[in-house]
Amino acid sequence: MIRGLYDWTMGWANHPYALWVLAFVAFIESSVFPIPPDVLMIPMILAAPHRAFLIAGVALVSSVLGGLLGYAIGAFAFETIGQPILAALGKADAMEAFNTRFNDVGFWAVLTAGVTPFPYKVITIMSGWTSMPLATFVATSILARALRFFIVAGLLWGFGAPIRDFIERRLGLMFTLFIVILIGGFLAVGAL
């Protein structure tokens, strides 16, 4: 099934409505769709490098709007479905403790999921579920998704097809290492 979705997504890269399809994919990927918009974005930018930053901007706006849908799913569907189940299992107290812990590190969770290969949709839904402040969620989502999409666009715009392998295979790892170093730096400074 995933391969079929991947092939369908790739098939739209050269279509006249590719920007609209990218907007749709970026929107639904932030809450339910398993294929990241990068899969569509990369061939689109390689085909039209002069539109690289427009393509990244469409992905950014659509992804953040889709993140708001994920947030709403977590905020509203959890109360009607998830909370009664946890209460019936005697886990209501554990849920409250998890909410507090998640919101204490919420900025980092959203930033990390927004730039690394970790599924962003998981964090958008969890952010709504834990009632993360909406302003924090939106601001961090904009920062994270802008970093991810505009770095990819900039690399492809500047280096073209030769950088594609690096982006597809190693950029997620590089983003992950960057986040680990950044958090480590903050922890080290806090320990001083």
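Values below: all heavy atoms of this structure, side chains included; hydrogens, waters and symmetry mates excluded. None of the values given here were measured: they were computed from a predicted structure.
- A 4.5 Å side-chain heavy-atom check between L54 and L19 finds at least one atom pair inside the cut-off.
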Go through the steps to decide whether W129 and I73 satisfy the test side chain to side chain contact (heavy atoms under 4.5 Å, CB included), and finish with yes or no. CA-CA 8 Å; W129 173 50; I73 289 170; over 6 Å; no

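- Separating the CZ atom in F107 from the OG1 atom in T140 is a distance of 5.0 Å, to the nearest 0.5 Å.
- For the pair M41/L156, no side-chain contact is recorded, criterion being any heavy-atom separation below 4.5 Å from C-beta on.
- Once rounded to the nearest 0.5 Å, the distance linking CD1 of I151 with CZ of F149 reads 11.5 Å.
- A distance of 13.5 Å separates CG in L46 from CZ in F159, rounded to the nearest 0.5 Å.
- Among pairs with a residue in residues 63-77, those fulfilling side chain to side chain donor-acceptor pair (under 3.5 Å) read S30-S63, S63-R145, at least two apart in sequence or across chains.
- A distance of 5.5 Å separates CZ of F137 from OG1 of T124, quoted to the nearest 0.5 Å.
- Note on residues 39-54: no pairs pass side chain to side chain donor-acceptor pair (under 3.5 Å), not counting sequence neighbours.
- Atoms CG and NZ, from L69 and K121 in turn, are 12.0 Å apart once rounded to the nearest 0.5 Å.
- The OG atom of S127 sits 7.5 Å away from atom OH of Y120, with the distance rounded to the nearest 0.5 Å.
- Cluster annotation: L60 is connected to L134 through the hydrophobic network of ILVMFWY side chains, with a link wherever side-chain heavy atoms come within less than 4.5 Å.
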